[in-house]
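Working notes, beginning with the structure itself.
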Amino acid sequence: MRRPPTVPCPSERALGSRRALLLRVLGSAVLAAIPAALLVARPAGPIRGAGLLDVPEHEEGAAKRARARSASFERMAQGIRPLHVESGPKGFDVLSYDVSLSLDPAVRQLEGTTAVRVSFTREGVTAVRLDFDPSYEVLSATRDGQALTVSRAGDGAVLLPVDPPLHSEERTTFTVSYRGVPPSLGALGTWTHASGTAASTVAEPFDARTFWPCVDDPGDKAVTTVRITVPDAYTAVSAGSVSTAPAADGRTTHTWTFAEPISTYLVSLAVANYVKLEATYTSLDGTRTMPVVGYVVPEHAAWNAARVQATVGYVRTLAQLFGEYPFLSYKYGMAEGHFSGGMEHPTVSLIGATQLGSSTRDLTYLLVHELAHQWWGDDVTMATWDDIWLNEGFATYAEVLYAERAAGASPGRLLTTRYDDGLYAGALGPTVVAPVDDPFRYTASVYDKGGWVLHMLRRLVGDETFFRGLDAYRRRFRQGNATRGDLRSVFEEVSGRELKSFFDQWVETPFRPVLRVAYQPSADGTSVAVVVRQVQAHDVVHPQPSPGDVAWYVFPLTIRIGHPDGTAEDATTFVDAREAHVTVPTPSRKAVSDVVVDPDGDLLKVVEAVGPGA
């Protein structure tokens, strides 16, 4: 899908003032109600063009988009075909990986051995295919200890023969040893700082294969152990719990074990002469403690101790919202790395040296975002890349929920002022469903619009049902994968509502509704007749048509009747027609000074006009 042009509606041009339109749409109290700190603390990437507000691209999203695009260009230059990771049934399931790596951040060279244990899911599989970058030479391979002769596909994938084929449910273990120079724009990056050289990885979306052979498919989660052998001066960090042992030639092996299944793009390493900062989180029930850690380079340690301590509070707040932290038996923390943003590696998010190297930046919402991924992305992971919003939209809405819980922010008003450019065909114009081969192309839709979807779902079903639905969704799919259809099914069960129209209009359909509103007070002053017209230039998309489908949006809408004395009366109605006629009672019988549509900013929309009329 081509990105829609970033153009305002005609009425937006006529207004000429971003603030004037916001005031017309939301009412004069909206901007003043947002704490000033929340307006500047949101993870801030590049400005996304001329909207009603200069809303920056999400900092993590901007970094992931740029990294994924650069990696794609490098593959094209090498003549490697475009990646498509949704390979369908393979005939086997990966149970575990044991990844052993040897590196020195000062030398652009990587040696490794990966052991892959698989279980066959059907008869007749004659080869196991592991995605792998062609930059590496395969030194040897075995199956259950017996040497194998392997072949390579054109994209570098390793083809491991299964001869004779095994039966369904039989298991076997392959090992592949290799060495080479990591691709310059692959997952493994090196960086320098005042006291040395360091290395770290960011593999999302398709680049786990650029530093170890694997089935690089988010839907095939496996238990992974990572062994990293580095010179003694370095500390190596990954997911889970660590043990260390001396190795030859002045080196140390750091073995990180993590018994929870994760997707390949989440397997990580970070290596530097780290200083370890530590605080302690106590579980919600008060019975267990967990280390909260920060691995930062020495020159950045002084000011990051406070960030590590603050993270304890972030963990507690999100645990209160979503249920206990999912990896309580291990740790949570951050490791400083080369990536100029954040990456949600399980139990230890990678945070860029650009961010942690600043003593003055407020990183609250970036750190909350990465932490939220431990629930939404690492524990419950999207099954396919087109549903990346199930990771990123959830983590973005977690920022809003945190602001609501910690600072008393109005979630709708915060979304309107900091997570929306206000344009019909602007940054949030594309669908929440992402291109499967380029999932970070439209970050505003994946991150911001994805967060909006969750907020509007919350407003539709109510707070109690919403959080009960999140809990049910997590419990059902923890340690596994989910789709947008799974999310819908859970919320239909929990709410007792049919949600096809909701998911079709907000997830599958581009753009947003455009409203024109006219009102007329009754002669006796007891009510106001309101007409809500939808005038958007598109119809709602229904990927699976059914008899009840309509071409327009259906949604709850709050209408506020303002009076000259500054008081107001609210009523919530359900808009279910292209032209909806609503009668709003005004028991006070006061004169009407104005009408505000959606005063708390709970609906993703454009309001072209609100005014008196027949």
Side-chain angles (χ1 to χ4, degrees), residues 34 38-46 48 51 53 55-65 204 314 317-318 321-322 341-344 349 351 355 362-382 385-407 409-422 426-434 439-459 466-467 470 473-474 482 484 487 506-507 512 601-604:
I34 304 297
L38 298 179
L39 296 183
V40 300
R42 184 229 165 142
R48 287 187 296 227
L53 286 172
V55 178
E57 184 176 10
H58 196 286
E59 186 168 27
E60 183 205 87
K64 287 184 177 180
R65 177 179 53 78
E204 191 177 26
Y314 308 154
T317 299
L318 295 196
L321 288 165
F322 304 139
M343 178 61 210
E344 61 272 16
S349 295
I351 306 295
Q355 287 73 27
D362 183 351
L363 300 182
T364 298
Y365 290 91
L366 177 63
L367 299 181
V368 167
H369 184 100
E370 303 313 324
L371 171 62
H373 275 308
Q374 303 298 307
W375 286 264
W376 315 115
D378 296 0
D379 191 21
V380 180
T381 309
M382 83 282 155
W385 286 108
D386 55 343
D387 273 334
I388 186 61
W389 76 278
L390 294 176
N391 292 12
E392 301 300 352
F394 271 63
T396 300
Y397 194 50
E399 299 171 31
V400 176
L401 292 173
Y402 178 83
E404 180 183 15
R405 177 68 65 95
S410 163
R413 293 171 178 175
L414 186 57
L415 281 163
T416 299
T417 55
R418 295 302 295 161
Y419 296 83
D420 185 21
D421 60 8
L428 278 67
T431 62
V432 171
V433 179
F440 292 101
R441 185 185 305 173
Y442 306 124
T443 57
S445 288
V446 166
Y447 285 72
D448 299 343
K449 196 172 182 179
W452 269 100
V453 168
L454 293 172
H455 182 66
M456 292 186 290
L457 180 59
R458 176 186 174 189
R459 287 296 182 246
F466 176 75
F467 286 103
L470 286 186
Y473 173 67
R474 182 192 169 199
R484 58 191 181 275
L487 180 67
W506 297 120
V507 176
R512 65 180 75 190
D602 291 325
L603 183 72
L604 185 66

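- Trp375 is not listed as a side-chain neighbour of Leu470, based on a closest heavy-atom distance of 4.5 Å or more.
- The shortest heavy-atom contact between Tyr397 and Pro411 is OH-CB, 4.5 Å.
- The aromatic rings of Tyr473 and Phe394 sit tilted relative to each other, their planes meeting at an angle between 30° and 60°.
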Steps toward side-chain contact (heavy atoms from CB on, under 4.5 Å) verdict (Leu321, Glu404): CA-CA 11 Å; Leu321 288 165; Glu404 180 183 15; over 6 Å; no
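- Nearest heavy atoms, Val446 versus Pro439: CG2-O, 3.7 Å.
- In this structure, Gly341 and Gln355 approach most closely via the heavy-atom pair N-OE1, 3.4 Å.
- With a 4.5 Å cut-off on side-chain heavy atoms, Leu604 and Met456 count as touching.
- Looking only at distances, a side-chain donor or acceptor of Ser445 sits under 3.5 Å from a matching main-chain atom of Pro430.
- The distance from the OG atom of Ser349 to the CG atom of Leu366 is 8.5 Å, given to the nearest 0.5 Å.
- Atom CD of residue Glu370 and atom CD1 of residue Ile351 lie 5.0 Å apart, to the nearest 0.5 angstrom.
- When atom types are taken as modelled, the side chain of Asp421 and the backbone of Ala427 share a donor-acceptor pair closer than 3.5 angstrom.
- To the nearest 0.5 Å, the span separating CZ on Arg459 from CG on Leu603 amounts to 11.5 Å.
- Judged by distance alone, with hydrogens and angles left aside, the side-chain atoms of Asp387 form a donor-acceptor pair with the main-chain N or O of Arg484 at under 3.5 Å.
- Among all heavy-atom pairs drawn from Phe440 and Arg65, the shortest one is O-CG, 3.2 Å.
- Two rings, from Trp376 and Phe322, have their centers less than 6.0 Å apart.
- Listed for the Trp452 side chain is a donor-acceptor partner under 3.5 Å among the backbone atoms of Tyr419.
- Trp385 places a side-chain heavy atom less than 4.5 Å from the side chain of Ile388.
- Counted by atom type alone, Asn391 and His373 present zero donor-acceptor pairs between their side chains at under 3.5 Å.
- Side-chain contact check for Glu204 versus Glu344: some heavy-atom pair is nearer than 4.5 Å.
- The main-chain N or O of Gly601 is found under 3.5 Å from a side-chain atom of Thr416 such that the two form a donor-acceptor pair.
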Arg474 and Asp379: CA distance, side-chain angles, deciding distance, side-chain contact (heavy atoms from CB on, under 4.5 Å) verdict: CA-CA 8 Å; Arg474 182 192 169 199; Asp379 191 21; 3.5 Å; yes
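- Counting heavy atoms from C-beta outward, His58 and Tyr365 have side chains that stay 4.5 Å or more apart.
- The CG atom of Asp386 sits 9.0 Å away from atom OG1 of Thr431, with the distance rounded to the nearest 0.5 Å.
- Atoms CG and CD, from Asp448 and Glu399 in turn, are 8.5 Å apart once rounded to the nearest 0.5 Å.
- Between His455 and Val400 the shortest side-chain heavy-atom distance does not fall below 4.5 Å.
- The two atoms that bring Tyr402 and Thr364 nearest to each other are CE2-CG2, 3.9 Å, heavy atoms only.
- Closest heavy-atom contact between Ala444 and Leu428: CB-CD1, 3.7 Å.
- In this structure, His369 and Thr396 have side chains that are in contact, with non-hydrogen atoms separated by less than 4.5 Å.
- Looking at heavy atoms from C-beta onward, Leu401 lies in side-chain contact with Arg458 at the 4.5 angstrom threshold.
- Note: Leu371 CG to Leu318 CG = 4.5 Å, rounded to the nearest 0.5 Å.
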